[in-house]
Chemist: 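Handing you this structure, nothing more for now.
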Amino acid sequence: MPKSPETEGSPRLMTVKEIAEEHDVSRVSIHTYRRRGTFPKPIEGEGSTRLRFRSDEVAAFFAAHPKKPGKRTDLPAKQEEKPAVSTYRSSGLSREDHEATEQLHATANLIQERWPDAHPTLIRDLRDLADAITEESEAQDD
């Protein structure tokens, strides 16, 4: 007997666990979508731990919001190579300042890749900060 018995002509109702298994997402992801307000509202169980959603609404949600690959956690972290001395010294930056500006640019790039439309001001501010550090260092050398 199916977990979600259906009456003739009505859509199948699914639990969070069934949605996670069928659409290959975690239950945490489903709850995150719900907190954001983008996921369909439950038909049954609001206020309980046994929510049930219409399968057709869930399928439409995942069709409109395809999964995006995340960062792999099963690979060892890449060791970034230190820049050649001439790379950062020619710009007038200390190694620490050069690494800090590179990290600011990397962080801005990561935010832009993961959330392209979410934080344009933050991305611009990070890049502006990195550029200001470089310009200040170059001005001190002149």
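If you read the sequence from its start, that first residue is 1, and numbering goes on from there. Predicted, not measured: the structure shown is a model, and the values here were computed from it. When reading the values below, keep in mind they use all heavy atoms of this one structure, side chains included, and skip hydrogens, waters and symmetry mates.
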Chemist: List for me each residue that meets side chain to side chain contact (heavy atoms under 4.5 Å, CB included) alongside Ala100, sequence neighbours excluded, and say none if there are none.
Modeler: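 Side chain to side chain contact (heavy atoms under 4.5 Å, CB included) check on Ala100 returns nothing, list empty.
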
Chemist: Which pair of heavy atoms, one from Ala20 and one from Ile30, lies closest together, and at what distance?
Modeler: N-CD1, 3.6 Å

Chemist: How many angstroms lie between CG in Leu104 and CD in Glu99, if you round to the nearest 0.5 Å?
Modeler: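 Taking CG in Leu104 and CD in Glu99, the distance rounds to 12.0 Å.
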
Chemist: Please enumerate all residues that pass ring-ring contact (aromatic ring centres under 6.0 Å, His included) together with Tyr33, with sequence neighbours excluded.
Modeler: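 If we apply the ring-ring contact (aromatic ring centres under 6.0 Å, His included) test to Tyr33, skipping adjacent residues, the hits are Phe61.
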
Chemist: Look up atom NE2 in His65 and atom NE2 in His23, then write down how far apart they are to the nearest 0.5 Å.
Modeler: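 Answer rounded to 0.5 Å: 13.5 Å.
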
Chemist: CG of Asp56 to CE of Met14: how many Å apart, nearest 0.5 Å?
Modeler: 10.5 Å

Chemist: Could you report the tightest heavy-atom contact between Glu18 and Leu13, atom names first, then the distance?
Modeler: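 Nearest pair, atom of Glu18 first, then Leu13: OE1-O, 3.8 Å.
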
Chemist: Report the residues that fulfil side chain to side chain donor-acceptor pair (under 3.5 Å) with Glu22, sequence neighbours left out, ordered by chain and then residue number.
Modeler: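 Listed in chain order: Arg12.
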
Chemist: Please, which pairs that meet salt bridge (Lys or Arg N to Asp or Glu O under 4.0 Å) have at least one residue in residues 30-39, sequence neighbours excluded?
Modeler: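 Counting only pairs at least two positions apart or across chains, the salt bridge (Lys or Arg N to Asp or Glu O under 4.0 Å) contacts touching residues 30-39 are Arg34-Glu46.
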
Chemist: Nearest 0.5 angstrom please: Ser55 OG to Ile43 CD1, how far?
Modeler: 10.5 Å

Chemist: For residues 122-129, dump all side-chain donor-acceptor pairs below 3.5 Å to protein atoms at least two apart in sequence or in another chain.
Modeler:
residue	atom	partner	partner atom	Å
Arg127	NH1	Gln112	OE1	3.4
Arg127	NH2	Asn109	OD1	2.5
Arg127	NH2	Gln112	OE1	3.1

